[in-house]
Amino acid sequence: MRNKYLERFKVKEIVFLAIISAVTLCTCAVMPLVVSLQTVVFGIAQAVTGLQIAVFYSIGLMKIRKPGSLFIMSFLSGLFQLMMSPPMFFNNLIIGVALEVFVYLVFHGYKSDKAIFFSVLLFNPLSLPFNLIYNYLFGRQAMVAVASRAPWLTVVMTAVVILISAAGALTGIRISKELKKSGVMKK
């Protein structure tokens, strides 16, 4: 008996998700410009890239509603990031797996727009604790000091990242619906 949650991907679906991942990374190219600010403002990189990631990942999930789609996008994005920073690759993998499990347990897949919204909403904010733990464990104390020296700023930046991700997720879902209505994005 075949599990209804596990569906095979067609090559064109994986290519579409790869294109979405590549476009997401291209639009996140501003992140290296703000990385030096991370030692001053915790979460600035996630705030700068949150909108793009949320918009494009939600478009990808609206088109390919199969379980594993978010993991494929996060894995492919992570592969490109692996050359820049291995922690970013592992960050993407861990968050991709965690969100796939979350969507399976709570929503039973990506059939509803709510499942897409919440998975995309949580993607970028979940990288904040990962980055903090990684920096704490591997000796980059400057980043940890920023978060602990100004906890109010850490809370504010976390809220900003969540709001930006929510706006991006809603925007991506709306764009997808409009593209489907106009016939540009077919099933």
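Computed over heavy atoms, backbone and side chain alike; hydrogens, waters and symmetry mates excluded.
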Are the side chains of [X] and [Y] in touch, meaning some heavy atoms are under 4.5 Å apart?
X	Y	answer
Q46	I164	no
F118	L121	yes
M62	K177	yes

Would you say [X] and [Y] are hydrophobically clustered, going by side-chain heavy atoms of ILVMFWY under 4.5 Å?
X	Y	value
V55	L163	no
V11	L76	yes
M83	L93	no
L82	L25	no

### Query
Knowing that exactly one of E100, K66, R65 qualifies, which makes a side chain to side chain donor-acceptor pair (under 3.5 Å) with Y110?
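With Y110 as partner, side chain to side chain donor-acceptor pair (under 3.5 Å) holds for just one option, E100.
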Distance check, rounded to the nearest 0.5 Å: [X] atom [atom1] versus [Y] atom [atom2]?
X	Y	atom1	atom2	value
I14	S21	CD1	OG	11.0 Å
S127	I94	OG	CD1	11.5 Å
I19	K12	CD1	NZ	12.5 Å
F9	I72	CZ	CD1	4.0 Å
N91	Q81	CG	CD	8.0 Å

### Evaluation steps, side chain to side chain contact (heavy atoms under 4.5 Å, CB included), between M73 and T24
CA-CA 9 Å; M73 288 186 290; T24 302; over 6 Å; no
Kindly give the heavy-atom pair with the smallest separation between [X] and [Y], and that separation in Å.
X	Y	result
Q52	T27	NE2-O, 3.0 Å
V160	A47	CG1-CB, 4.3 Å
G43	L128	CA-CD2, 3.6 Å
N124	S165	CB-OG, 3.6 Å
L61	S69	CD2-CB, 3.5 Å
A54	A169	CB-N, 3.5 Å

### Task
Pick out which of L153, V155, T154 makes a side chain to side chain contact (heavy atoms under 4.5 Å, CB included) with M157.
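Answer to the side chain to side chain contact (heavy atoms under 4.5 Å, CB included) test with M157 among L153, V155, T154: L153.
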### Message
As a test of understanding, state which of D113, L70, V120 forms a side chain to side chain contact (heavy atoms under 4.5 Å, CB included) with S58.
### Response
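It is V120, the one option of D113, L70, V120 that forms the side chain to side chain contact (heavy atoms under 4.5 Å, CB included) with S58.
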### Query
Within 45° of the ring axis of F107 and under 6.0 Å from its six-membered ring centre, is that where the NZ or CZ of K114 lies?
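Here K114 fails the 6.0 Å and 45° test against F107.
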### Query
Do any pairs count as a ring-ring contact (aromatic ring centres under 6.0 Å, His included) and have a residue in residues 43-82, sequence neighbours left out, and if so which ones?
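Listed once each, the pairs are Y57-F123.
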